Amino acid sequence: MLEREPRIYVLPTMMTAGNILSGFVAILQIFKGREGAITEHYYWAIIAILAACLFDVLDGRVARLGGQESPFGRELDSIADIVSFGVAPALLVHDIVLSSIEKPAGLGWLIACAYLVCGAMRLARFNCIAASDDKTNSKHFRGCPIPAAAGVIASLTLLMLWLDEGSKEIGQWKYGLAVLMVLLSWLMMSDLEYPSFKSINWRTRRSPVWVIISIIVVAFAVRNWQWMPSVLFVSYLLYGLVRPWVSRRWRREIEIEYEAADTPDDPIPMETEIPKKDEGSNDPASQI
């Protein structure tokens with residue numbers, strides 16, 4: 001007996017394919033970066049990882065907007081994530097930082113492996129929770145999501161390369177990346193909650209001031225691409241750490257949660273009032 005073929009939706013799958021392709025390009029560029037002293041290939045690897053983050057956001061948005069979420073898409077997304085946000089960042093930091101850690105022997109290799117394994121376990125845990133109830137649409141992630149962890153690593157590496165004017169030896173600050181990878185490994189397996197921002201859609205409403213500020217932030221990030229991505233990713237990482245102490249009101253404002261309760265602008269049709277039957281009616285039908 002043939003098993004039922006899974007549903008494959010074109011647009012979300014194309015976004016996920018872009019995620020996988022970006023991760024593969026990043027890995028190729030990291031291998032090319034080993035050949036010379038210039039860091040051009042590392043720059044391209046970081047850009048590819050950040051592009052994978054964008055594709056990862058888009059595939060979920062496209063699937064939810066079109067009502068095209070499926071188990072196939074969830075599993076394919078996890079496979080793409082382990083390539084783009086697990087293997088690629090681990091290789092990047094290993095080549096730039098961890099490979100130079102000689103004492104104790106094997107520590108750099110162990111840190112990279114711990115990050116990769118914790119990322120894979122976090123994805124597996126997410127899939128198990130999602131598969132246990134297909135109707136769940138949680139607005140929070142349990143543990144730091146692996147795309148955010150990869151974004152933190154890639155953006156901070158980009159910042160260090162920019163500050164050191166493109167040199168592969170990015171100074172003593174590079175050892176902070178090793179400590180950061182250990183921290184991210186723990187955060188991915190922790191029970192801390194991070195917002196998913198799934199409530200943001202075409203019907204999300206905000207004040208004109210809020211919209212203008214958002215446009216300015218995006219334009220500023222594009223203009224200062226060398227360091228602004230690190231500010232955004234690190235801010236998200238730190239928010240998960242301080243979130244338990246943030247008031248519920250500020251959480252709703254920051255995470256844009258209350259739009260789900262907004263009513264549409266279209267008027268709600270009133271129920272048609274059923275006329276009461278007159279007991280003294282002479283209508284013949286009332287006698288039936």
Side-chain angles (χ1 to χ4, degrees), residues 15-57 77-102 105-120 122-123 144-185 188 225-230 232-234 237:
M15 297 296 103
T16 308
N19 182 354
I20 300 174
L21 178 61
S22 298
F24 182 65
V25 170
I27 293 172
L28 289 179
Q29 292 299 319
I30 292 169
F31 282 129
K32 288 184 178 180
R34 296 176 176 178
E35 300 173 358
I38 60 174
T39 57
E40 178 184 0
H41 295 296
Y42 288 127
Y43 274 113
W44 284 113
I46 293 170
I47 292 173
I49 293 173
L50 296 178
C53 292
L54 179 60
F55 280 117
D56 184 70
V57 171
D77 184 68
S78 293
I79 294 174
D81 287 355
I82 198 60
V83 174
S84 301
F85 309 130
V87 177
L91 276 176
L92 177 68
V93 179
H94 182 271
D95 273 21
I96 295 179
V97 182
L98 302 179
S99 59
S100 62
I101 300 178
E102 299 178 353
L107 178 61
W109 176 85
L110 182 61
I111 292 174
C113 287
Y115 171 84
L116 182 59
V117 171
C118 288
R122 191 237 175 269
L123 291 169
C144 179
I146 189 172
V152 170
I153 292 173
S155 61
L156 285 178
T157 304
L158 176 64
L159 173 62
M160 292 180 183
L161 289 173
W162 176 65
L163 291 175
D164 210 48
E165 298 181 353
S167 174
K168 290 179 69 174
E169 299 295 332
I170 55 179
Q172 297 300 318
W173 285 101
K174 67 182 180 180
Y175 294 105
L177 290 175
V179 178
L180 181 62
M181 289 197 79
V182 176
L183 174 63
L184 290 171
S185 301
M188 286 190 290
W225 59 272
Q226 301 94 336
W227 59 270
M228 193 61 184
S230 62
L232 298 177
F233 279 108
V234 172
L237 181 71

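In this text the structure is predicted, and so the values were computed from the model without any measurement.
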Quiz prompt | Least distance between heavy atoms, Gly86 atom then Leu116 atom | solution = C-CD1, 3.5 Å
Practice problem: Please tell me if the side chains of Leu184 and Leu237 come closer than 4.5 Å, counting only heavy atoms from C-beta onward. | Solution: yes
Quiz item: Any side-chain heavy atom of Trp44 within less than 4.5 Å of one from Leu28?
Solution: no
Quiz item: Nearest heavy-atom pair of Tyr115 and Ala90: which atoms, and what distance?
Solution: CD2-CB, 4.2 Å
Quiz item: For the side-chain contact (heavy atoms from CB on, under 4.5 Å) test, which of Ser99, Ser100, Pro89, Cys113 pairs with His94?
Solution: Ser99
Practice problem: State, yes or no, whether a side-chain contact exists between Gln29 and Tyr43 at a heavy-atom distance under 4.5 Å. | Solution: no
Quiz item: Taking C-beta and beyond as the side chain, do Phe85 and Asn19 meet within less than 4.5 Å on heavy atoms?
Solution: yes
Self-check item: Exceeds 12 heavy-atom contacts within 6.0 angstrom, atom CH2 of Trp227
Solution: yes
Quiz item: Does the side chain of Leu158 reach to within under 4.5 Å of the side chain of Ser230, using non-hydrogen atoms?
Solution: no
Quiz item: Can you find a pair of side-chain heavy atoms, one from Ile153 and one from Ile49, that are under 4.5 Å apart?
Solution: no
Quiz item: Considering residues at least two apart in sequence or located in another chain, which fulfil the side chain to side chain contact (heavy atoms under 4.5 Å, CB included) criterion with Ala120?
Solution: Ile82
Practice problem: Would you check if the side chain of Ser84 reaches a backbone N or O of Asp81 as a donor-acceptor pair within less than 3.5 Å? | Solution: no
Quiz item: What distance do Leu163 atom CG and Gln226 atom CD have between them, rounded to the nearest 0.5 Å?
Solution: 9.5 Å
Self-check item: pair Pro145-Arg122: side-chain heavy atoms closer than 4.5 Å
Solution: yes
Quiz item: Got a sec, which residues hit side chain to side chain contact (heavy atoms under 4.5 Å, CB included) with Ile101, two or more places apart in sequence or on another chain?
Solution: Leu98, Leu107, Tyr175, Ala178
Quiz item: Looking at side-chain heavy atoms only, is the closest gap between Met181 and Val97 below 4.5 Å?
Solution: no
Quiz item: Listed by chain and number, what are the side chain to side chain contact (heavy atoms under 4.5 Å, CB included) partners of Leu91, not counting sequence neighbours?
Solution: Ile27, Ile30, Phe31, Arg34, Val87
Self-check item: Ala148 versus Cys144, closest heavy-atom pair with distance
Solution: CB-SG, 4.2 Å
Exercise. Mind listing the closest non-hydrogen atom pair of Ser155 and Pro229 along with its distance?
Key: CB-C, 3.7 Å
